[in-house]
Amino acid sequence: KPEDYQQVSELYKDSSLFGGQFDLERDAEDKLLSHTKTDPQSILVCEINGKIVGTISLIENERLAWLYRFAVQKGKHEVEATKTLYERAISILKDRGHKEVLVYSPVGNKTLDKRYIELGFNKGDNYTCYWKEI
């Protein structure tokens with residue numbers, strides 16, 4: 001929802017929570033709202049006691065599905081929020097016909113390695129992501 005943007009963007013700005021970096025071009029409020037308007041299940045949030053403690057975005061087409069911006073606040077509710085977001089995302093993707101999901105994690109980030117292994121992911125090879133403005 002539009003009123004969630006501030007809390008979601010704060011999670012995105014803490015790169016330790018998902019291993020990425022906040023990018024105003026990709027993470028601008030209007031882009032997130034447009035994305036959820038097109039597909040209301042494309043960005044999920046986990047809210048505990050009125051505060052958003054985690055978020056995950058689904059990026060998918062007929063060929064593949066990715067978990068993106070899988071950011072969960074550290075602390076008391078981290079394990080619960082991680083599991084809840086993951087299970088909901090997987091349920092949505094299965095309902096859409098996907099049989100596999102991918103997620104990026106920075107090389108050497110032991111916290112995120114542990115998260116994804118505990119969620120049952122297989123660790124793939126290390127790759128470098130290239131990007132440029134167009």
For Y5, the ring-ring contact (aromatic ring centres under 6.0 Å, His included) test, sequence neighbours excluded, returns none
Using the six-membered ring of F70, assess whether NZ or CZ of R115 lies under 6.0 Å from its centre and within 45 degrees of the ring axis. yes
Distance, nearest 0.5 Å, that separates OG of S91 from CD of Q41: 8.5 Å
Under-4.0 Å salt bridge between K51 and E47: no
Reported CD1-to-NE2 distance for the pair I48 and H77, which is rounded to 0.5 angstrom: 4.5 Å
Do D113 and S105 make a side-chain contact, defined as non-hydrogen atoms from C-beta onward lying under 4.5 Å apart? yes
With no hydrogens and no angle check, is any side-chain donor or acceptor of T38 less than 3.5 Å from a backbone partner on S34? yes
Does one hydrophobic cluster hold both L119 and L44, with members joined at side-chain heavy-atom distances below 4.5 Å? yes
List the steps and the verdict of side chain to side chain contact (heavy atoms under 4.5 Å, CB included) for I43 and T55. CA-CA 7 Å; I43 301 176; T55 183; 3.7 Å; yes
Please round to the nearest 0.5 Å and tell me the distance separating atom CD1 of I134 and atom NZ of K132. 8.0 Å
Same cluster or not: I90 versus V72, using hydrophobic residues (I, L, V, M, F, W, Y) connected whenever any side-chain heavy atoms lie under 4.5 Å apart? yes
Rounded to the nearest 0.5 Å, how far apart are OH of Y127 and CG of D125? 4.5 Å
Let me check something: do Y68 and L102 share a hydrophobic cluster, defined by ILVMFWY side-chain heavy atoms less than 4.5 Å apart, either directly or through other members? yes
For K1, does its backbone N or O pair with a side-chain atom of D4 as donor and acceptor, under 3.5 Å? yes
Could you grab the distance from atom CD of E62 to atom NE2 of H98, nearest 0.5 Å is fine? 8.5 Å
State, with a plain yes or no, whether a side-chain heavy atom of L33 is found less than 4.5 Å away from one of P2. yes
Shortest non-hydrogen contact from E78 toward Q73: CB-O, 3.5 Å
Side chain to side chain contact (heavy atoms under 4.5 Å, CB included) evaluation trace for I56 with Y86: CA-CA 8 Å; I56 190 170; Y86 171 76; 5.6 Å; no
Quick check: are there more than 12 heavy atoms from other residues, nucleotides or ligands sitting under 6.0 Å from CD of E133? no
Begin with the C-alpha distance, continue with both residues' side-chain angles, and end with the deciding distance and a verdict on side chain to side chain contact (heavy atoms under 4.5 Å, CB included) for Y116 and V103. CA-CA 9 Å; Y116 297 126; V103 64; 3.6 Å; yes
Closest contact, heavy atoms only, L85 versus V45: CD2-C, 3.8 Å
Any side-chain heavy-atom pair from E118 and T82 closer than 4.5 angstrom? no
Acceptor/donor pairs from residues 11-30 side chains to any protein atom, 3.5 angstrom cut, sequence neighbours excluded:
{"unit_1": "D14", "atom_1": "OD1", "unit_2": "S16", "atom_2": "N", "d": "3.2"}
{"unit_1": "D14", "atom_1": "OD1", "unit_2": "S16", "atom_2": "OG", "d": "2.6"}
{"unit_1": "D23", "atom_1": "OD1", "unit_2": "E25", "atom_2": "N", "d": "2.9"}
{"unit_1": "D23", "atom_1": "OD2", "unit_2": "R26", "atom_2": "NE", "d": "2.9"}
{"unit_1": "D23", "atom_1": "OD2", "unit_2": "R26", "atom_2": "NH2", "d": "2.9"}
{"unit_1": "E25", "atom_1": "OE2", "unit_2": "K31", "atom_2": "NZ", "d": "2.6"}
{"unit_1": "D27", "atom_1": "OD1", "unit_2": "R69", "atom_2": "NE", "d": "3.3"}
{"unit_1": "D27", "atom_1": "OD1", "unit_2": "R69", "atom_2": "NH2", "d": "3.4"}
{"unit_1": "D27", "atom_1": "OD2", "unit_2": "D23", "atom_2": "N", "d": "3.0"}
{"unit_1": "D27", "atom_1": "OD2", "unit_2": "R69", "atom_2": "NE", "d": "3.4"}
{"unit_1": "D27", "atom_1": "OD2", "unit_2": "R69", "atom_2": "NH2", "d": "2.8"}

Indicate if L112 and I117 have the same hydrophobic cluster label, given that clusters are the connected sets of ILVMFWY residues with side-chain heavy-atom separations under 4.5 angstrom. no
Side chain to side chain contact (heavy atoms under 4.5 Å, CB included) assessment of F121 paired with L67: CA-CA 12 Å; F121 281 84; L67 302 181; 3.9 Å; yes
How long is the straight-line distance from CG of D39 back to CG of L58, given to the nearest 0.5 Å? 7.5 Å
Flag if over 12 foreign heavy atoms under 6.0 Å of NZ, K74: yes
